[in-house]
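One structure is given here, and the rest of the page talks about it.
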Amino acid sequence: MNQILGLWRDTWIVWCVFLALSVAMGAVLGWFFYLLVVCLPVPFLYFAFNRYDSLGREKADL
């Protein structure tokens with residue numbers, strides 16, 4: 001859980017922008033872009049568990 005909180009602490013604005021753009025593009029261009037909202041947790045969790053340690057700090061050896 002600390003990995004997720006660490007990534008959210010460092011990149012929350014980026015994920016909020018992705019979410020807003022996906023919803024806006026879905027409303028303007030079509031329903032297909034709403035699928036991006038469903039897919040956003042996958043890269044978020046991937047980066048959280050690969051880039052942050054169990055204490056929520058960024059790993060130094062990357």
Side-chain angles (χ1 to χ4, degrees):
M1 184 67 178
N2 288 333
Q3 293 100 333
I4 296 169
L5 294 175
L7 180 64
W8 183 254
R9 178 190 65 237
D10 293 342
T11 61
W12 68 272
I13 190 77
V14 174
W15 296 102
C16 289
V17 169
F18 284 155
L19 181 64
L21 284 174
S22 297
V23 170
M25 290 177 69
V28 173
L29 298 175
W31 64 269
F32 179 77
F33 289 97
Y34 289 130
L35 294 176
L36 293 174
V37 175
V38 178
C39 296
L40 279 176
V42 174
F44 181 81
L45 292 175
Y46 173 79
F47 285 115
F49 286 108
N50 285 317
R51 296 194 54 98
Y52 289 84
D53 63 9
S54 62
L55 297 176
R57 295 177 296 196
E58 192 170 4
K59 292 179 182 176
D61 295 337
L62 294 175

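Residue numbers start at 1 and run along the sequence shown.
In this structure P41 satisfies the side chain to side chain contact (heavy atoms under 4.5 Å, CB included) test with no other residue, sequence neighbours excluded. The side chain to side chain contact (heavy atoms under 4.5 Å, CB included) check on F49 picks up Q3, I4, L45, with sequence neighbours excluded.
A distance of 3.5 Å separates OH in Y52 from CG in D10, rounded to the nearest 0.5 Å.
Under a hydrophobic-cluster definition in which Ile, Leu, Val, Met, Phe, Trp and Tyr are linked whenever side-chain heavy atoms come within less than 4.5 Å, directly or via other members, L7 and L55 are assigned to different clusters. By the criterion of side-chain heavy atoms lying less than 4.5 angstrom apart, applied directly or through intervening Ile, Leu, Val, Met, Phe, Trp or Tyr residues, V42 is not grouped with W12; the two fall into different hydrophobic clusters.
Here the closest heavy-atom approach between residue W15 and residue W8 is recorded as CB-CZ3, 3.9 Å.
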Tell me which donor-acceptor pairs under 3.5 Å the side chains of residues 24-40 have, and how far apart each pair is, sequence neighbours excluded?
residue, atom, partner, partner atom, Å
Y34, OH, A27, N, 3.4

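Environment of CZ in F44: crowded, with over 12 heavy atoms of neighbouring residues, nucleotides or ligands closer than 6.0 Å.
A donor-acceptor distance shorter than 3.5 angstrom exists from the side chain of N2 to the backbone of S54, with no hydrogens or angles considered.
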> Step by step, would you call R51 with E58 a side chain to side chain contact (heavy atoms under 4.5 Å, CB included)?
Replying inline: CA-CA 6 Å; R51 296 194 54 98; E58 192 170 4; 2.7 Å; yes
